[in-house]
Amino acid sequence: MAALLQILRPTLPILIGASIMLTLSMGLRQSLGLFMQPLTQDIRISVSDFTLALAVQNLAWGFLQPLAGALTVRYGFRPIMIVGSLFYVAGLALMAGANGILSIMIGAGVLIGISLACTAAAIAMSVAARAVPASVRSTVLGLVSGVGSLGALLSAPIGQILNEGYGWRIGLVGFVVLSLLMIPAAWYAGRVDRIPLPKPTDDKIGDTSAGAATKMAFSNASFVVMTGAYFVCGMQLVFLTTHLPSYLAICGMDPMLSAQTLGMIGGFNVLGSIFFGWAGQRWNKLALLGGIYIFRSIALAWYFTLPPTPATTLLFGAIMGFLWMGVGPLVAGAVAEMFGLKWQAMIQGLAFMSHQVGSFLGAYGGGVLYDALGSYTMAWRIGVALGLAGGIVQVAFALIRPGRPPQMQTA
């Protein structure tokens, strides 16, 4: 550990800034489901209206992520991250003052979606990957992802306390105040622009265009399989963050249990991110990804098959938390290994588009199925089935095609 700190000492301000930016952007977003019940009842919109806004957020985030990544190559990371932070503040403020679906759609959907493309995992991980040497990269990505997971531990309890004591609007005002901290964090993380890129080797994308880099990525079989399986990740996670508070309320559980469970997810995120960052330095990253999807699906089936209790809900939160953001360092590390650092943010964003299509279906599809059927049974069964299928295919392909893809060796 002392040796690692010695290596990282010159870039600690960058890594701390990226971690704080990530923890706030992800933690605040993951806690928006806490406000769904009181907000929808107060301004008289349906659950599916609210989840449609979150689905739009996920689509905007996913489809703008490659563009944000490409813009960092042209303009640098700092301006992209600061602009994204300002969009986050504006989106939460618009939500706090909402009186109808339009404000929710623009604030929670469009503005926060744009912000996440500029401040969340793909950008933060690319910053961290550039700031450290390859020998410790996967471990550091796990550490940044782990620290970035603390946001739910902070935002979920604050949001629930303010929500219960003063109403959902004050709860969102509290989130606005927290989001302001993203701006100085983005400024410090932007110091990474001063670090020169390493000279690309023969099997990495070097001085090429965004279009050529995109074509090379999608001609790579390992990348395509990883991207397809990433769909499952988004669908499962956003279904939970959006609908778990509502599910627990329907089951008559204490409202504070929702915040405690989201906090539990955030806490075990830290352990899982650090573990999978460490594991990715030693074993096949793509096989580890498939294992995460399989075990998540087993956990979902176990929890939703049984009647919820506080104990099983918190245990479920711990399991899902450990398997939650561990995908971050694995995907980022795999992309860096396959394609190098210059276009990492853009190529990781291309994979993330699939993740966000899954997120759209997890948020909006879950709401539509609930409105139509009056329960979440069909939604979680679909999530389990697709998760098992995606995980098994990912593991099988990683074992059949170990190592660096041959397309990149000859590129």
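These values consider heavy atoms only, across backbone and side chains, with no hydrogens, waters or symmetry-generated copies.
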Is there a side-chain contact between [X] and [Y] (heavy atoms, below 4.5 Å)?
| X | Y | result |
| --- | --- | --- |
| Leu286 | Leu289 | yes |
| Leu369 | Ile382 | yes |
| Tyr88 | Leu116 | yes |
| Leu257 | Leu314 | yes |
| Ile112 | Leu28 | no |
| Asn269 | Met26 | no |
| Trp380 | Thr305 | yes |
| Thr312 | Trp302 | yes |

Cut-off 3.5 Å, no hydrogens considered: what does the side-chain donor-acceptor table look like for residues 224-236, sequence neighbours left out?
from, atom 1, to, atom 2, distance (Å)
Thr227, OG1, Phe223, O, 2.8
Gln236, NE2, Ser297, OG, 2.9
Gln236, NE2, Gly383, O, 3.2

Please give me the minimum heavy-atom distance between Ile43 and Ala98, naming the atom from each residue.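 Here Ile43 and Ala98 meet closest at CG2-O, 3.7 Å.
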
Shortest non-hydrogen contact between Gly317 and Thr261, atoms and distance: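 Nearest heavy atoms, Gly317 then Thr261: CA-CG2, 4.0 Å.
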
Inter-residue atom distance [X].[atom1] - [Y].[atom2], 0.5 Å rounding:
| X | Y | atom1 | atom2 | answer |
| --- | --- | --- | --- | --- |
| Phe322 | Ile292 | CZ | CD1 | 8.5 Å |
| Gln57 | Leu52 | CD | CG | 11.5 Å |
| Leu178 | Ser25 | CG | OG | 12.5 Å |
| Leu22 | Met182 | CG | CE | 9.0 Å |
| Leu388 | Phe295 | CG | CZ | 11.0 Å |
| Thr40 | Asp49 | OG1 | CG | 9.0 Å |

According to the salt bridge (charged side-chain N to carboxylate O under 4.0 Å, His left out) rule, which pairs have a member within residues 277-294, sequence neighbours left out? Lys285-Glu337

Decide yes or no on side chain to side chain contact (heavy atoms under 4.5 Å, CB included) for His355 and Val327, but give the supporting numbers first. CA-CA 11 Å; His355 181 284; Val327 300; 5.8 Å; no

Side chains of residues 118-126: which donor-acceptor pairs under 3.5 Å do they make with residues two or more places apart or in other chains?
from, atom 1, to, atom 2, distance (Å)
Thr119, OG1, Ser115, O, 2.9
Ser126, OG, Ala122, O, 2.7
Ser126, OG, Ala345, N, 3.4

For Trp61 and Gln65, does a side-chain donor sit closer than 3.5 Å to a side-chain acceptor?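 On atom types as modelled, these side chains qualify, holding a pair under 3.5 Å.
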
Tell me every residue that passes ring-ring contact (aromatic ring centres under 6.0 Å, His included) with Phe175, counting only those two or more places apart in sequence or in another chain.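 Here the qualifying residues are Phe35.
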
Please list, chain by chain and in numerical order, all residues satisfying ring-ring contact (aromatic ring centres under 6.0 Å, His included) with Phe316, sequence neighbours excluded.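 Checked Phe316 against ring-ring contact (aromatic ring centres under 6.0 Å, His included); matches are Tyr303.
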
For Val132 and Leu141: C-alpha separation, side-chain torsions, deciding distance, then whether side chain to side chain contact (heavy atoms under 4.5 Å, CB included) applies. CA-CA 9 Å; Val132 299; Leu141 290 173; over 6 Å; no

Do side-chain atoms of Thr23 reach the backbone of Ile20 as a donor and acceptor pair under 3.5 angstrom?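 Flag not set: sc Thr23 to bb Ile20 has no pair under 3.5 Å.
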
Around atom CH2 of Trp278, are there more than 12 heavy atoms of other residues, nucleotides or ligands at under 6.0 Å?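 More than 12 heavy atoms, drawn from other residues, nucleotides or ligands, come within 6.0 Å of this atom.
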
Do any pairs count as a side-chain hydrogen bond (donor to acceptor under 3.5 Å, both in side chains) and have a residue in residues 75-87, sequence neighbours left out, and if so which ones?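 Applying side-chain hydrogen bond (donor to acceptor under 3.5 Å, both in side chains) to every pair that reaches into residues 75-87, excluding sequence neighbours, yields nothing.
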
Intermediate values then yes/no, side chain to side chain contact (heavy atoms under 4.5 Å, CB included), Leu143 and Leu15: CA-CA 9 Å; Leu143 290 170; Leu15 298 176; over 6 Å; no

Evaluation steps, side chain to side chain contact (heavy atoms under 4.5 Å, CB included), between Phe63 and Val357: CA-CA 9 Å; Phe63 285 97; Val357 172; 4.1 Å; yes

